[in-house]
Every structure is written in C-alpha cells, then in structure tokens.
Amino acid sequence: TIPAPHAERFRSAEASGKVAAELAKAKGPKPSEFLTKASFRNAQVVLQAFRWRNIVLQCDTALLPRAALRINFIAQFFNQVLPSTVGGDAARIWLLARANGGWANGTYSVLIDRIAGIFALAIIVIACLPWTLALVQDPLARAIMLLIGAGAVAGAGVFIIIGRLRWSLLERLAPSDATLLIGGET
C-alpha cells in the first residue's frame, strides 16, 4: 500500500481513473472476460479467509485481514500440491502458531472452520434434496441421501450443544483460574 501523503498515491489514482474512463468509452469489458473460474476460486478463498479470521478473533487471537488472506492463499497452495486437504490445514495451523496465535488456537480455529464448512455444505445438500429426490427413483438411495443430509446437520448441532454444555467433572479436574495453572497465588 502506498503511504497516504505520498505523491505516488495521487499518480496511481489518476492512472486508474484514466483506465476506467477508457473502459467506459470502449463500452467496457464483457462479463465473460473477468468472471472466470479463477476469479470465482479467488473470491471463494477470500470469503474463506474472512470466515476463518472471524473464528480466530473469537479465539482471542489478533489476525489482520491481510494476514488471513496471505495464510489462506498459502494453505490453498498446499491443498493443491499435497494429497488431501490436510496440507492446507497444517499450513494454517503452522502459520498462525508462528504469528503468535499459539498451537491450540490454530488447531481449534481450523477445526471450527472445517466444521462450519461442513455444516454449510450439509444445509446446501438439504436445500437441494427436493430436486435430487426427483431425479433418483431408487427408494434405498433416496433414504440414504436423506440420512446423510440429516445426519450431517444433526452432527453439527450435537457439536454446538457439546460446546455449550458445562462439564462439572472437567471443571473439577482442570481449574478455570489461570493463576492455578501457572503456580500463582489464589
């Protein structure tokens, strides 16, 4: 980013204005010229980065939007190069931990991000079931599709409920006061 008082910022603004004016005179580019598969993929990565950043912020870890984008694009590279998507998840955990986010927050945020993604996918599957069931005539296949969709949503709901429950046994075994954990006085 160009510093605010820098004259280069004005030159850059004038140059982009000239390009915009030329595009307007030439009737602009066709939507097919800039709405490509790569642009949709990049938009998906940007949305995922902001979703993950919100989860990281809920873990009491500061993460700038620019850093979240950088980490997610690096993770996408590892998702494409390594088998499975575990490489991208490991990259996000590693990079967040190195950025003073901690291993626990990195692991937890990636796990929650995965669960949120699966939950959203399950809702899309359930929303599309009426059209899918119209195409599938086999009753067993229909029952399995209904079971998978309902099971995914129910599993996400159980996960959310477990996160909200208070576990008295765990609270007795692991005190919630941080001073007890580091040997301070109570």
Side-chain angles (χ1 to χ4, degrees), residues 1-4 6 8-102 105-132 135 145 148-149 152-153 155-157 159-160 163:
T1 305
I2 304 168
H6 202 275
E8 185 63 28
R9 179 171 265 198
F10 294 114
R11 285 192 284 276
S12 175
E14 287 177 359
S16 63
K18 286 179 185 176
V19 170
E22 289 172 8
L23 285 173
K25 288 178 185 175
K27 303 281 194 236
K30 296 177 185 174
S32 62
E33 293 175 9
F34 60 90
L35 293 177
T36 62
K37 289 185 254 184
S39 66
F40 281 107
R41 178 68 181 142
N42 287 338
Q44 180 183 5
V45 173
V46 168
L47 291 174
Q48 178 190 10
F50 286 117
R51 179 184 71 197
W52 181 59
R53 179 178 177 264
N54 287 334
I55 293 169
V56 169
L57 291 175
Q58 293 298 316
C59 294
D60 294 329
T61 301
L63 184 64
L64 295 173
R66 181 177 59 208
L69 279 171
R70 182 180 61 84
I71 290 172
N72 267 282
F73 274 109
I74 292 170
Q76 289 303 315
F77 169 77
F78 284 107
N79 281 341
Q80 298 299 318
V81 172
L82 297 175
S84 182
T85 58
V86 176
D89 291 343
R92 285 195 294 168
I93 293 168
W94 175 264
L95 292 170
L96 184 63
R98 286 189 56 204
N100 296 325
N105 285 342
T107 305
Y108 183 73
S109 66
V110 168
L111 178 67
I112 295 298
D113 184 51
R114 278 288 175 183
I115 291 170
I118 290 172
F119 183 66
L121 183 61
I123 289 185
I124 291 170
V125 167
I126 287 178
C128 294
L129 271 177
W131 295 282
T132 307
L135 296 172
M145 287 190 318
I148 289 172
V153 172
F159 185 79
I160 291 169

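Applying the side chain to side chain donor-acceptor pair (under 3.5 Å) criterion to Q44, with sequence neighbours excluded, gives R41. Qualifying side chain to side chain donor-acceptor pair (under 3.5 Å) partners for R98, counting only residues two or more places apart in sequence or in other chains: none. With sequence neighbours excluded, no residue satisfies side chain to side chain contact (heavy atoms under 4.5 Å, CB included) with A99.
For the atom pair CG (N42) and NZ (K37), the distance works out to 13.5 Å, reported to the nearest 0.5 Å. With rounding to the nearest 0.5 angstrom, the CD1 atom of I93 is 11.5 Å from the CG atom of N105. Taken from OG1 in T61 to CD1 in I55, the straight-line distance is 12.5 Å, to the nearest 0.5 Å. A distance of 6.5 Å separates CG of N79 from CG of D89, quoted to the nearest 0.5 Å.
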Notebook entry, point to check: Does the side-chain contact (heavy atoms from CB on, under 4.5 Å) test come out yes or no for I126 and V153, once each step is laid out?
Noted result: CA-CA 9 Å; I126 287 178; V153 172; 3.3 Å; yes
Might you work through the side-chain contact (heavy atoms from CB on, under 4.5 Å) test for I71 and L63, ending with a clear yes or no?
CA-CA 10 Å; I71 290 172; L63 184 64; 4.2 Å; yes
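Among pairs with a residue in residues 68-88, none fulfils salt bridge (charged side-chain N to carboxylate O under 4.0 Å, His left out), at least two apart in sequence or across chains. The ring-ring contact (aromatic ring centres under 6.0 Å, His included) pairs that include a residue from residues 42-91 number zero, where partners must be two or more places apart or lie in different chains. Sorted by first and then second residue, the salt bridge (charged side-chain N to carboxylate O under 4.0 Å, His left out) pairs involving residues 44-53 (not counting sequence neighbours) are R51-D113.
A donor-acceptor pair under 3.5 Å is absent between the side-chain atoms of N72 and the main chain of V45, judged by distance alone.
Here the closest non-hydrogen pair linking A75 and A91 is CA-CB, 4.3 Å. When all heavy atoms of G106 and L96 are compared, the closest pair comes out as CA-CD2, 3.5 Å.
Between I74 and L95 the shortest side-chain heavy-atom distance falls below 4.5 Å.
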